[in-house]
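Numbers restart at 1 for each chain; the letters A, B, ... are given by sequence-line order, proteins then strands. Values below: every heavy atom of this structure, side chains too, minus hydrogens, waters and symmetry copies.
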There are 2 protein chains.
Amino acid sequence: MEQTFSISDLAREFDITPRTIRHYEAEGLIAPAREGQRRIYSGRDRVRLALVLRGKRLGFSLAEAKEIIDLYAAPQGEAFQLRTMLEKLDEKREMLEDKRRDLDAAISNMDKYAARCRDRLAELESRREAAE
Amino acid sequence: MEQTFSISDLAREFDITPRTIRHYEAEGLIAPAREGQRRIYSGRDRVRLALVLRGKRLGFSLAEAKEIIDLYAAPQGEAFQLRTMLEKLDEKREMLEDKRRDLDAAISNMDKYAARCRDRLAELESRREAAE
DNA sequence: CCCCGAGTTTACGTTAACGTAAACGTAAGT
DNA sequence: ACTTACGTTTACGTTAACGTAAACTCGGGG
(Lines give C-alpha, C1' and ligand atoms only; values in the text may rest on other atoms or scores of the structure.)
Protein backbone atom coordinates (compact mmCIF):
# COMPACT_ATOMS: atom_id res chain seq x y z
CA MET A 1 0.00 0.00 0.00
CA GLU A 2 1.15 3.48 -0.79
CA GLN A 3 1.63 6.06 1.89
CA THR A 4 -1.18 8.49 2.66
CA PHE A 5 -1.31 11.83 4.45
CA SER A 6 -3.73 13.82 6.54
CA ILE A 7 -4.45 17.43 5.72
CA SER A 8 -2.32 18.64 8.63
CA ASP A 9 0.53 16.38 7.57
CA LEU A 10 0.70 18.22 4.29
CA ALA A 11 0.07 21.58 5.92
CA ARG A 12 3.08 21.04 8.17
CA GLU A 13 5.31 19.74 5.43
CA PHE A 14 4.63 22.65 3.09
CA ASP A 15 4.22 25.28 5.77
CA ILE A 16 0.71 26.31 4.83
CA THR A 17 -2.63 26.05 6.64
CA PRO A 18 -5.26 23.35 6.19
CA ARG A 19 -7.57 26.11 5.04
CA THR A 20 -5.28 26.78 2.11
CA ILE A 21 -5.32 23.13 1.10
CA ARG A 22 -9.11 23.00 1.31
CA HIS A 23 -9.24 26.14 -0.76
CA TYR A 24 -7.17 24.50 -3.47
CA GLU A 25 -9.58 21.61 -3.42
CA ALA A 26 -12.55 23.97 -3.74
CA GLU A 27 -10.81 25.47 -6.78
CA GLY A 28 -10.40 22.05 -8.30
CA LEU A 29 -6.64 21.79 -7.93
CA ILE A 30 -6.60 18.70 -5.72
CA ALA A 31 -9.16 15.97 -5.22
CA PRO A 32 -8.19 13.76 -2.29
CA ALA A 33 -9.99 10.54 -1.41
CA ARG A 34 -12.32 10.47 1.57
CA GLU A 35 -12.57 8.15 4.49
CA GLY A 36 -15.97 9.08 5.79
CA GLN A 37 -15.62 12.85 5.86
CA ARG A 38 -11.89 12.94 6.36
CA ARG A 39 -9.66 13.80 3.44
CA ILE A 40 -7.00 11.22 2.64
CA TYR A 41 -4.15 12.45 0.50
CA SER A 42 -2.17 10.06 -1.69
CA GLY A 43 1.38 10.51 -2.85
CA ARG A 44 0.03 11.83 -6.16
CA ASP A 45 -2.10 14.38 -4.30
CA ARG A 46 1.00 15.47 -2.48
CA VAL A 47 2.87 15.93 -5.72
CA ARG A 48 0.02 17.99 -7.13
CA LEU A 49 0.07 20.19 -4.06
CA ALA A 50 3.80 20.69 -4.45
CA LEU A 51 3.24 21.67 -8.08
CA VAL A 52 0.58 24.17 -7.09
CA LEU A 53 2.88 25.78 -4.55
CA ARG A 54 5.76 25.95 -6.98
CA GLY A 55 3.45 27.55 -9.51
CA LYS A 56 2.46 30.14 -6.95
CA ARG A 57 6.07 30.92 -6.12
CA LEU A 58 6.65 31.52 -9.80
CA GLY A 59 3.82 34.02 -9.92
CA PHE A 60 1.04 31.96 -11.45
CA SER A 61 -2.53 32.31 -10.30
CA LEU A 62 -4.33 29.23 -9.06
CA ALA A 63 -6.23 29.08 -12.33
CA GLU A 64 -3.01 29.17 -14.35
CA ALA A 65 -1.42 26.60 -12.10
CA LYS A 66 -4.42 24.37 -12.61
CA GLU A 67 -4.15 24.65 -16.37
CA ILE A 68 -0.56 23.53 -16.28
CA ILE A 69 -0.96 20.79 -13.72
CA ASP A 70 -4.03 19.37 -15.38
CA LEU A 71 -1.92 18.78 -18.45
CA TYR A 72 0.16 16.31 -16.48
CA ALA A 73 -2.94 14.40 -15.46
CA ALA A 74 -4.67 14.32 -18.84
CA PRO A 75 -5.72 10.97 -20.35
CA GLN A 76 -3.26 10.90 -23.33
CA GLY A 77 -4.96 7.90 -24.88
CA GLU A 78 -5.18 8.66 -28.59
CA ALA A 79 -2.72 10.21 -30.98
CA PHE A 80 -4.92 13.27 -31.44
CA GLN A 81 -4.94 13.96 -27.75
CA LEU A 82 -1.18 13.54 -27.58
CA ARG A 83 -0.74 16.06 -30.35
CA THR A 84 -2.91 18.75 -28.81
CA MET A 85 -1.24 18.11 -25.49
CA LEU A 86 2.19 18.62 -27.02
CA GLU A 87 0.97 21.90 -28.46
CA LYS A 88 -0.27 23.08 -25.11
CA LEU A 89 2.92 21.97 -23.44
CA ASP A 90 4.88 24.00 -25.93
CA GLU A 91 2.76 27.03 -25.23
CA LYS A 92 3.26 26.71 -21.48
CA ARG A 93 6.92 26.09 -21.97
CA GLU A 94 7.25 29.41 -23.74
CA MET A 95 5.63 31.13 -20.80
CA LEU A 96 8.19 29.55 -18.55
CA GLU A 97 11.04 30.57 -20.82
CA ASP A 98 9.75 34.12 -20.85
CA LYS A 99 9.94 34.07 -17.11
CA ARG A 100 13.44 32.68 -17.24
CA ARG A 101 14.53 35.54 -19.47
CA ASP A 102 13.03 37.99 -17.00
CA LEU A 103 14.68 36.21 -14.14
CA ASP A 104 18.11 36.00 -15.76
CA ALA A 105 17.91 39.67 -16.62
CA ALA A 106 16.99 40.53 -13.05
CA ILE A 107 19.85 38.48 -11.67
CA SER A 108 22.54 39.73 -14.01
CA ASN A 109 21.24 43.24 -13.47
CA MET A 110 21.65 42.82 -9.77
CA ASP A 111 25.06 41.26 -10.15
CA LYS A 112 26.33 44.16 -12.18
CA TYR A 113 25.04 46.60 -9.65
CA ALA A 114 26.62 44.65 -6.80
CA ALA A 115 29.92 44.63 -8.66
CA ARG A 116 29.80 48.39 -8.98
CA CYS A 117 29.09 48.66 -5.29
CA ARG A 118 32.10 46.51 -4.50
CA ASP A 119 34.31 48.59 -6.76
CA ARG A 120 33.14 51.72 -5.08
CA LEU A 121 33.74 50.20 -1.67
CA ALA A 122 37.23 49.08 -2.63
CA GLU A 123 38.02 52.56 -3.78
CA LEU A 124 36.91 54.02 -0.48
CA GLU A 125 39.03 51.51 1.39
CA SER A 126 42.14 52.26 -0.63
CA ARG A 127 41.68 55.96 -0.02
CA ARG A 128 41.38 55.36 3.67
CA GLU A 129 44.66 53.43 3.61
CA ALA A 130 46.34 56.22 1.72
CA ALA A 131 45.27 58.68 4.38
CA GLU A 132 47.01 56.80 7.17
CA MET B 1 17.32 67.64 -22.25
CA GLU B 2 16.30 64.12 -21.58
CA GLN B 3 13.13 62.67 -22.99
CA THR B 4 9.97 62.71 -20.90
CA PHE B 5 6.71 60.79 -21.08
CA SER B 6 3.07 61.32 -20.26
CA ILE B 7 1.17 58.79 -18.23
CA SER B 8 -0.64 57.49 -21.30
CA ASP B 9 2.64 57.19 -23.18
CA LEU B 10 3.86 54.72 -20.60
CA ALA B 11 0.49 53.04 -20.32
CA ARG B 12 0.54 52.36 -24.05
CA GLU B 13 4.13 51.21 -24.10
CA PHE B 14 3.73 48.72 -21.26
CA ASP B 15 0.15 47.77 -22.05
CA ILE B 16 -1.30 48.78 -18.70
CA THR B 17 -3.79 51.47 -17.69
CA PRO B 18 -3.00 54.93 -16.33
CA ARG B 19 -4.84 53.85 -13.21
CA THR B 20 -2.26 51.15 -12.63
CA ILE B 21 0.59 53.62 -12.93
CA ARG B 22 -1.09 56.01 -10.50
CA HIS B 23 -1.60 53.13 -8.15
CA TYR B 24 2.11 52.37 -8.23
CA GLU B 25 2.78 55.97 -7.40
CA ALA B 26 0.34 55.85 -4.48
CA GLU B 27 2.26 52.81 -3.23
CA GLY B 28 5.52 54.73 -3.45
CA LEU B 29 6.99 52.81 -6.38
CA ILE B 30 7.33 55.75 -8.73
CA ALA B 31 7.53 59.45 -8.08
CA PRO B 32 7.26 61.43 -11.30
CA ALA B 33 7.80 65.15 -11.55
CA ARG B 34 4.84 67.46 -11.96
CA GLU B 35 4.13 70.20 -14.39
CA GLY B 36 1.23 71.88 -12.63
CA GLN B 37 -0.92 68.85 -11.90
CA ARG B 38 0.27 66.73 -14.78
CA ARG B 39 2.69 63.91 -14.13
CA ILE B 40 5.89 64.07 -16.13
CA TYR B 41 7.84 60.82 -16.32
CA SER B 42 11.58 60.83 -16.88
CA GLY B 43 13.62 58.04 -18.40
CA ARG B 44 14.50 56.90 -14.90
CA ASP B 45 10.83 56.77 -13.97
CA ARG B 46 10.25 54.65 -17.03
CA VAL B 47 12.99 52.26 -15.99
CA ARG B 48 11.52 51.96 -12.52
CA LEU B 49 8.14 51.17 -14.00
CA ALA B 50 9.70 48.48 -16.16
CA LEU B 51 11.35 47.01 -13.07
CA VAL B 52 8.06 46.98 -11.20
CA LEU B 53 6.35 45.14 -14.03
CA ARG B 54 9.14 42.61 -14.31
CA GLY B 55 8.93 42.05 -10.58
CA LYS B 56 5.22 41.42 -10.91
CA ARG B 57 5.75 38.94 -13.71
CA LEU B 58 8.16 37.09 -11.47
CA GLY B 59 5.54 36.83 -8.75
CA PHE B 60 6.64 39.59 -6.40
CA SER B 61 4.11 41.77 -4.63
CA LEU B 62 4.33 45.51 -5.10
CA ALA B 63 5.84 45.79 -1.63
CA GLU B 64 8.54 43.24 -2.46
CA ALA B 65 9.21 44.89 -5.78
CA LYS B 66 9.59 48.21 -4.01
CA GLU B 67 12.12 46.74 -1.60
CA ILE B 68 14.25 45.49 -4.43
CA ILE B 69 13.96 48.54 -6.64
CA ASP B 70 14.63 50.95 -3.82
CA LEU B 71 17.99 49.28 -3.38
CA TYR B 72 18.97 50.48 -6.82
CA ALA B 73 18.10 54.04 -5.92
CA ALA B 74 19.74 54.16 -2.49
CA PRO B 75 22.30 56.87 -1.70
CA GLN B 76 25.42 54.62 -1.37
CA GLY B 77 27.55 57.43 -0.06
CA GLU B 78 29.57 55.95 2.81
CA ALA B 79 31.30 52.62 3.19
CA PHE B 80 28.87 51.50 5.86
CA GLN B 81 25.92 52.05 3.57
CA LEU B 82 27.66 50.20 0.79
CA ARG B 83 28.26 47.24 3.07
CA THR B 84 24.66 46.93 4.26
CA MET B 85 23.48 47.38 0.70
CA LEU B 86 25.69 44.53 -0.46
CA GLU B 87 24.22 42.37 2.26
CA LYS B 88 20.69 43.17 1.18
CA LEU B 89 21.58 42.60 -2.43
CA ASP B 90 22.90 39.20 -1.53
CA GLU B 91 19.70 38.36 0.30
CA LYS B 92 17.54 39.38 -2.65
CA ARG B 93 19.82 37.53 -4.99
CA GLU B 94 19.20 34.34 -3.09
CA MET B 95 15.46 34.85 -3.48
CA LEU B 96 15.97 35.17 -7.19
CA GLU B 97 18.12 32.07 -7.32
CA ASP B 98 15.49 30.14 -5.41
CA LYS B 99 13.05 31.13 -8.07
CA ARG B 100 15.46 30.08 -10.76
CA ARG B 101 15.75 26.66 -9.19
CA ASP B 102 11.98 26.37 -9.15
CA LEU B 103 11.78 27.56 -12.70
CA ASP B 104 14.46 25.23 -14.01
CA ALA B 105 12.80 22.33 -12.24
CA ALA B 106 9.46 23.24 -13.77
CA ILE B 107 10.95 23.48 -17.24
CA SER B 108 12.96 20.26 -17.14
CA ASN B 109 9.96 18.56 -15.62
CA MET B 110 7.84 19.66 -18.51
CA ASP B 111 10.49 18.71 -21.03
CA LYS B 112 10.71 15.19 -19.69
CA TYR B 113 6.98 14.84 -19.82
CA ALA B 114 6.85 16.17 -23.37
CA ALA B 115 9.54 13.72 -24.37
CA ARG B 116 7.49 10.85 -22.99
CA CYS B 117 4.50 12.12 -24.91
CA ARG B 118 6.52 12.18 -28.11
CA ASP B 119 7.77 8.66 -27.51
CA ARG B 120 4.26 7.46 -26.95
CA LEU B 121 3.08 9.23 -30.07
CA ALA B 122 5.89 7.73 -32.14
CA GLU B 123 4.95 4.30 -30.90
CA LEU B 124 1.35 4.81 -31.94
CA GLU B 125 2.47 5.99 -35.37
CA SER B 126 4.73 2.98 -35.92
CA ARG B 127 1.93 0.63 -34.97
CA ARG B 128 -0.37 2.34 -37.42
CA GLU B 129 2.23 1.86 -40.16
CA ALA B 130 2.59 -1.79 -39.27
CA ALA B 131 -1.14 -2.23 -39.62
CA GLU B 132 -1.21 -0.99 -43.22
C1' DC C 1 -17.01 81.00 -26.66
C1' DC C 2 -17.49 76.27 -26.64
C1' DC C 3 -15.96 71.88 -26.93
C1' DC C 4 -12.64 68.14 -27.04
C1' DG C 5 -9.02 65.21 -25.49
C1' DA C 6 -6.06 64.32 -21.90
C1' DG C 7 -5.15 64.61 -17.29
C1' DT C 8 -6.52 65.01 -12.22
C1' DT C 9 -8.66 63.66 -7.56
C1' DT C 10 -11.92 61.13 -4.78
C1' DA C 11 -14.29 57.32 -3.70
C1' DC C 12 -16.64 53.17 -4.02
C1' DG C 13 -16.57 48.32 -6.39
C1' DT C 14 -14.38 43.90 -7.60
C1' DT C 15 -11.57 39.68 -7.73
C1' DA C 16 -8.31 36.29 -5.99
C1' DA C 17 -6.60 33.97 -2.23
C1' DC C 18 -7.03 32.95 1.60
C1' DG C 19 -8.08 34.17 7.27
C1' DT C 20 -11.14 33.64 10.98
C1' DA C 21 -14.86 32.16 13.65
C1' DA C 22 -18.82 29.30 14.74
C1' DA C 23 -20.89 24.99 15.26
C1' DC C 24 -20.44 20.38 14.81
C1' DG C 25 -18.48 15.16 14.32
C1' DT C 26 -15.26 11.48 15.80
C1' DA C 27 -11.62 8.71 17.69
C1' DA C 28 -8.24 8.25 21.40
C1' DG C 29 -6.64 8.81 25.99
C1' DT C 30 -7.64 9.08 31.34
C1' DA D 1 -18.14 10.27 30.77
C1' DC D 2 -15.16 14.06 29.86
C1' DT D 3 -11.55 16.26 27.62
C1' DT D 4 -8.34 16.83 23.86
C1' DA D 5 -6.83 16.71 19.23
C1' DC D 6 -8.02 16.69 14.77
C1' DG D 7 -11.22 16.95 11.33
C1' DT D 8 -15.54 18.85 8.89
C1' DT D 9 -18.87 22.53 6.69
C1' DT D 10 -20.65 27.19 6.31
C1' DA D 11 -20.16 31.77 6.07
C1' DC D 12 -18.52 36.22 6.68
C1' DG D 13 -14.01 39.16 6.83
C1' DT D 14 -9.66 40.84 4.91
C1' DT D 15 -5.86 42.33 1.88
C1' DA D 16 -3.65 43.41 -2.47
C1' DA D 17 -4.12 45.23 -6.81
C1' DC D 18 -6.32 47.33 -9.36
C1' DG D 19 -11.37 48.71 -12.14
C1' DT D 20 -14.87 52.01 -12.67
C1' DA D 21 -17.42 56.11 -12.37
C1' DA D 22 -18.16 60.91 -11.19
C1' DA D 23 -16.81 65.50 -11.12
C1' DC D 24 -13.24 68.74 -12.06
C1' DT D 25 -9.26 71.33 -14.62
C1' DC D 26 -6.73 72.90 -18.44
C1' DG D 27 -4.61 73.99 -23.07
C1' DG D 28 -5.69 74.11 -27.84
C1' DG D 29 -8.94 74.26 -32.29
C1' DG D 30 -12.70 75.85 -34.80
What is the separation between atom [atom1] on [X] and atom [atom2] on [N], rounded to the nearest whole Å?
{"X": "A/Glu25", "N": "D/dT10", "atom1": "CD", "atom2": "P", "answer": "12 Å"}
{"X": "A/Ile16", "N": "C/dT20", "atom1": "CD1", "atom2": "P", "answer": "15 Å"}
{"X": "B/Asp15", "N": "D/dC18", "atom1": "CG", "atom2": "P", "answer": "13 Å"}
{"X": "A/Leu29", "N": "C/dC18", "atom1": "CG", "atom2": "C1'", "answer": "13 Å"}
{"X": "B/Arg38", "N": "D/dG28", "atom1": "CZ", "atom2": "C1'", "answer": "11 Å"}
{"X": "A/Ile30", "N": "C/dA17", "atom1": "CD1", "atom2": "C1'", "answer": "14 Å"}
{"X": "A/Ile21", "N": "C/dA17", "atom1": "CD1", "atom2": "C1'", "answer": "14 Å"}
{"X": "A/Glu27", "N": "C/dA16", "atom1": "CD", "atom2": "P", "answer": "8 Å"}

Distance below 4.0 Å between [X] side-chain N/O and [N] OP1 or OP2:
{"X": "A/Ser6", "N": "D/dG7", "value": "yes"}
{"X": "A/Arg39", "N": "D/dG7", "value": "no"}
{"X": "B/Thr20", "N": "D/dG19", "value": "yes"}
{"X": "A/Tyr24", "N": "C/dC18", "value": "yes"}
{"X": "A/Lys56", "N": "C/dC18", "value": "yes"}

B/Lys92/B/Glu67 under salt bridge (charged side-chain N to carboxylate O under 4.0 Å, His left out): CA gap, chis, key distance, verdict: CA-CA 9 Å; B/Lys92 304 297 179 191; B/Glu67 268 193 66; 2.7 Å; yes
Below 4.0 angstrom, N of the basic side chain to O of the carboxylate: do [X] and [Y] qualify?
{"X": "A/Arg12", "Y": "A/Asp9", "result": "yes"}
{"X": "A/Asp119", "Y": "A/Arg116", "result": "no"}
{"X": "B/Glu87", "Y": "B/Arg83", "result": "no"}

Proximal nucleotide (of [options]) relative to the [X] side chain:
{"X": "B/Arg34", "options": "C/dC18, C/dT9, D/dC18", "answer": "C/dT9"}
{"X": "B/Thr17", "options": "D/dG19, D/dC6, C/dG7", "answer": "D/dG19"}
{"X": "B/Leu62", "options": "C/dC18, C/dT9, D/dA17", "answer": "D/dA17"}

Comparing B/Arg22 and A/Arg19 on DNA chain C - which has the more 5′ nearest nucleotide: B/Arg22
Candidate list B/Arg48, B/Arg34, B/Lys66, B/Arg19, test salt bridge (Lys or Arg N to Asp or Glu O under 4.0 Å), partner B/Glu25, passing option: B/Arg34
